[in-house]
Number of protein chains: 4
Amino acid sequence: MPTSTSKRDHIFQSALSLFAERGFDATTIPMIASDAKVGAGTIYRYFENKEVLVNTLFQHYAALFTKTLEEDYPKDAGIRDQFHHLFQGMVRFTNEHEHALYFIKTHNAAYFLDETSRSQFNHLLMILEGFIDEGKEKEQIRGLPSKALIAIIFGGFLELFKLIRAGEVEATDALLAGVEESCWDAVRHHE
Amino acid sequence: MPTSTSKRDHIFQSALSLFAERGFDATTIPMIASDAKVGAGTIYRYFENKEVLVNTLFQHYAALFTKTLEEDYPKDAGIRDQFHHLFQGMVRFTNEHEHALYFIKTHNAAYFLDETSRSQFNHLLMILEGFIDEGKEKEQIRGLPSKALIAIIFGGFLELFKLIRAGEVEATDALLAGVEESCWDAVRHHE
Amino acid sequence: MPTSTSKRDHIFQSALSLFAERGFDATTIPMIASDAKVGAGTIYRYFENKEVLVNTLFQHYAALFTKTLEEDYPKDAGIRDQFHHLFQGMVRFTNEHEHALYFIKTHNAAYFLDETSRSQFNHLLMILEGFIDEGKEKEQIRGLPSKALIAIIFGGFLELFKLIRAGEVEATDALLAGVEESCWDAVRHHE
Amino acid sequence: MPTSTSKRDHIFQSALSLFAERGFDATTIPMIASDAKVGAGTIYRYFENKEVLVNTLFQHYAALFTKTLEEDYPKDAGIRDQFHHLFQGMVRFTNEHEHALYFIKTHNAAYFLDETSRSQFNHLLMILEGFIDEGKEKEQIRGLPSKALIAIIFGGFLELFKLIRAGEVEATDALLAGVEESCWDAVRHHE
DNA sequence: CATGAATGAGCGTTCATTCAT
DNA sequence: GATGAATGAACGCTCATTCAT
């Protein structure tokens with residue numbers, strides 16, 4: 001059992017959930033260290049400094065999320081099916097990595113992100129924008145700024161998962177389907 | 001016009017715009033003081049400490065926003081008109097208090113908010129939920145968790161205003177109407 | 001009585017004597033603060049950081065020493081009189097600024113000196129080298145590398161003052177004259 | 001050839017050259033370990049801690065230098081020949097142990113030296129003082145504090161070797177002889 | 001024996017807060 | 001009241017030292 005790998009993982013996980021819950025600036029290295037049950041100095045064996053840590057984290061989960069969205073993407077299906085694929089990707093990804101999407105959403109414009117992180121995030125945006133632009137061309141998605149439409153989708157989705165985590169709502173298939181439908185109605189073209 | 005009142009106001013305004021632009025943790029007291037053109041010590045004449053300042057600010061604008069939404073609320077009009085009233089309230093409020101809604105949205109789950117701030121924010125949510133619940137009863141709003149529906153509305157609205165501030169989009173009436181329609185479609189009941 | 005000026009001076013003096021006694025790397029900011037009887041943070045009101053402090057110190061005393069050497073320099077006198085002037089300058093300077101010359105000598109090649117400090121020191125060296133080169137031309141100073149000759153003069157002089165400070169030797173005029181004569185014999189041309 | 005002895009030697013040599021080049025405080029244990037091609041922990045098998053290491057090093061080379069000066073000392077020769085012997089000893093010692101004399105000279109007053117190191121260094125000084133005192137008695141060396149005279153000799157010699165190492169000067173026999181002569185003139189009695 | 005991952009004390013530095021003016 | 005110089009706790013980070021392997 002490789003101890004060092006598990007230590008790096010502990011640090012990674014603690015940093016992810018603390019950054020997601022409190023934000024980068026309000027999360028201290030001692031906090032991460034104590035949450036990960038390692039000495040403060042140990043963090044620096046695995047990450048050059050706090051900014052490298054947050055960028056590594058960001059890139060890792062942005063890439064993972066991108067992969068989730070791209071995998072088995074139904075290129076030739078209808079817009080609605082493609083939307084379903086994307087929405088299901090968010091659901092699956094959030095189930096597997098509890099804080100990751102919230103962390104990405106709340107930190108994607110932060111001052112400390114490096115070029116790699118920004119372009120990683122842009123790649124992610126472009127996938128979503130590509131979908132939306134294609135839908136606009138086919139007149140199946142309404143003619144609003146893509147970023148606003150993406151924000152609506154993310155906003156609704158993340159809020160839903162906050163409620164689920166808080167136990168205020170149960171994550172039934174019906175609920176998920178309902179929110180998907182709501183988001184879809186927000187973006188689709190109505191005659 | 002009493003000087004001290006205007007000093008308090010300067011501090012208030014500077015704090016609001018700095019918290020909105022940089023976040024609570026990245027905003028220092030000297031920054032606020034210099035932006036407000038007062039000495040750093042002066043801030044402590046009006047606010048016990050930084051957390052009291054941010055909470056006062058939060059409560060003030062949450063209350064003001066609440067008031068804006070409640071004022072002239074068309075109790076007896078149809079759901080769609082009520083929705084329009086609320087959406088227009090957001091527009092008006094943002095025009096009058098540029099950074100306030102963004103500040104509220106980005107700080108409403110922060111670790112430093114006290115009980116009063118949290119309940120103030122809950123009160124705001126409850127107004128919106130009241131509207132949504134009434135709509136659900138009349139089967140004109142879809143049967144989803146109210147908080148998720150509110151998130152979608154806020155999300156879309158704020159994203160729109162970010163784009164406008166960034167100059168990526170022009171704030172035409174048509175655009176505002178389009179986003180209002182999108183948000184409405186996200187929440188309204190479709191047969 | 002301007003308190004702040006005296007605080008800056010206390011910091012300056014404490015830093016000078018600690019850097020001279022322990023060296024830059026072994027001197028901590030808390031040490032300087034406690035020696036100067038100020039809070040650690042106070043040092044940063046007057047000096048941007050530790051490197052700026054040491055460079056300010058270096059430049060200040062290098063300039064002062066330069067001035068001492070240049071003042072009333074007997075341009076038209078003989079080499080021996082010029083040497084006497086320089087040696088007396090060292091004596092006077094060290095009496096007025098106990099640790100300064102030792103600090104300059106031990107830190108003049110340090111990695112943390114900035115361009116200004118280095119050129120300040122080069123200017124000082126050039127004065128001494130100018131004297132030596134002139135003497136070499138007149139065949140009154142021996143044909144050895146100027147830097148080696150300067151080192152001998154400084155070395156003897158500083159060692160003398162260490163002994164005086166340690167109380168191992170009394171600073172009589174006779175002693176000073178003797179050391180001056182020894183240094184002079186080390187550099188002068190003998191037939 | 002026992003491995004452990006060679007490891008200790010590697011550590012010793014690496015520590016010597018790093019301390020001489022960068023100074024005690026700027027030299028880290030990992031630096032020494034990596035230069036010596038051993039693990040950082042291994043250093044602690046041979047030396048209790050960093051201060052013990054530097055003291056051991058200091059005492060070792062101070063003793064070796066002492067031995068070099070004492071070996072074949074021409075007790076019955078004239079003062080000038082004895083001086084030549086000592087000066088040649090410095091040359092030989094520096095050729096055999098490149099950084100040792102510079103390390104001794106730059107660290108002989110350091111805060112971390114223990115009593116043994118200080119007395120070892122005093123012993124070295126006393127040998128030189130013995131020579132000087134004898135010369136003073138015979139009125140062949142001038143009547144100045146011995147330590148000041150020794151400083152001049154060391155100062156000139158080390159400055160010479162710095163220039164040689166820096167490539168600013170070529171180490172010819174003529175140069176060595178010239179510096180020896182300069183130092184001798186600094187200490188010898190002139191009528 | 002030798003290693004290097006792990007630790008935490010202590011560094012340089014910032015900034016919320018106090019208080020003499 | 002208003003100020004900003006002064007403070008020191010706490011930050012991000014380094015490195016001497018330990019100890020499980």
Side-chain angles (χ1 to χ4, degrees), chain A residues 2-8 11 25-34 36-53, chain B residues 2-4 7-8 11 25-34 36-53, chain C residues 2-8 11 25-34 36-53, chain D residues 2-4 7-8 11 25-34 36-53:
Chain A
T3 302
S4 52
T5 297
S6 103
K7 258 181 206 199
R8 204 194 116 105
I11 294 165
D25 289 315
T27 301
T28 68
I29 292 287
M31 270 177 207
I32 298 171
S34 104
K37 295 189 176 79
V38 300
T42 304
I43 292 176
Y44 292 86
R45 291 219 143 264
Y46 296 101
F47 305 96
E48 210 180 312
N49 56 48
K50 199 185 171 188
E51 298 215 347
V52 166
L53 169 57
Chain B
T3 302
S4 52
K7 270 191 208 294
R8 204 192 114 107
I11 294 166
D25 293 298
T27 302
T28 69
I29 293 287
M31 269 177 207
I32 298 170
S34 111
K37 295 188 174 74
V38 300
T42 305
I43 292 177
Y44 288 84
R45 296 223 146 265
Y46 295 101
F47 305 96
E48 207 181 316
N49 57 46
K50 198 185 173 189
E51 297 217 346
V52 166
L53 169 57
Chain C
T3 301
S4 52
T5 297
S6 103
K7 260 185 202 190
R8 204 193 116 106
I11 294 165
D25 289 315
T27 301
T28 69
I29 293 288
M31 270 176 205
I32 297 171
S34 103
K37 295 189 175 76
V38 300
T42 304
I43 291 176
Y44 291 86
R45 289 218 144 266
Y46 296 101
F47 305 97
E48 210 180 313
N49 56 47
K50 198 186 172 189
E51 298 216 347
V52 166
L53 169 56
Chain D
T3 301
S4 52
K7 269 189 208 295
R8 204 192 115 105
I11 294 166
D25 294 297
T27 302
T28 69
I29 291 287
M31 269 177 206
I32 298 170
S34 111
K37 295 189 174 75
V38 301
T42 305
I43 292 177
Y44 289 84
R45 297 225 145 260
Y46 297 101
F47 306 96
E48 207 181 318
N49 57 46
K50 198 184 172 190
E51 297 217 346
V52 166
L53 168 57

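Bear in mind the structure is a predicted one, so any value in this text is a computation, not a measurement. The sequence lines fix the lettering, A, B, ..., with proteins before strands; numbering per chain opens at 1.
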With sequence neighbours left out, the residues meeting side chain to side chain donor-acceptor pair (under 3.5 Å) with C:Asp25 are C:Tyr111

In terms of heavy-atom contacts, A:Met31 and A:Thr27 come closest through SD-CA, 4.0 Å

For A:Ile11 and A:Tyr46, the nearest pair of non-hydrogen atoms, with its separation, is CD1-CD1, 3.8 Å

Exercise for the section: Applying side-chain contact (heavy atoms from CB on, under 4.5 Å), run through B:Val38 and B:Ile32 and close with a yes or a no. Expected result: CA-CA 9 Å; B:Val38 300; B:Ile32 298 170; over 6 Å; no

Give the rounded distance in Å between these two atoms: [atom1] of [X] and [atom2] of [N].
X: B:Ile43; N: F:dG4; atom1: CD1; atom2: C1'; answer: 12 Å
X: A:Ile11; N: F:dC13; atom1: CD1; atom2: P; answer: 14 Å
X: C:Phe47; N: E:dG12; atom1: CZ; atom2: C1'; answer: 16 Å
X: B:Asp25; N: F:dC11; atom1: CG; atom2: C1'; answer: 12 Å
X: A:Lys37; N: E:dT7; atom1: NZ; atom2: C1'; answer: 17 Å
X: A:Lys7; N: E:dA6; atom1: NZ; atom2: C1'; answer: 6 Å

Item to complete: May I ask you to say what A:Thr27 touches in the nucleic acid, namely base, sugar-phosphate or nothing, with a heavy-atom cut-off under 4.0 Å?
Response: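 Sugar-phosphate only.
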
Which value, rounded to the nearest 0.5 Å, describes the distance between [X] atom [atom1] and [Y] atom [atom2]?
X: B:Ile29; Y: B:Asn49; atom1: CD1; atom2: CG; result: 8.0 Å
X: D:Thr42; Y: D:Arg45; atom1: OG1; atom2: CZ; result: 7.5 Å
X: B:Lys50; Y: B:Ile43; atom1: NZ; atom2: CD1; result: 10.5 Å

* Is any side-chain N or O of A:Arg45 closer than 4.0 Å to OP1 or OP2 of E:dA6? -> no

Any stem touching DNA chain E, meaning at least three consecutive Watson-Crick or G-U pairs under 3.5 Å, ordered by first number, would be E:2-21 with F:2-21

Provide a list of protein-nucleic acid N or O atom pairs under 3.5 angstrom, restricted to nucleotides 13-15 of chain E.
{"from": "E:dT13", "atom 1": "OP2", "to": "C:Tyr44", "atom 2": "OH", "distance (Å)": "2.6"}
{"from": "E:dT13", "atom 1": "OP2", "to": "C:Lys50", "atom 2": "N", "distance (Å)": "3.0"}
{"from": "E:dT13", "atom 1": "O5'", "to": "C:Tyr44", "atom 2": "OH", "distance (Å)": "3.3"}

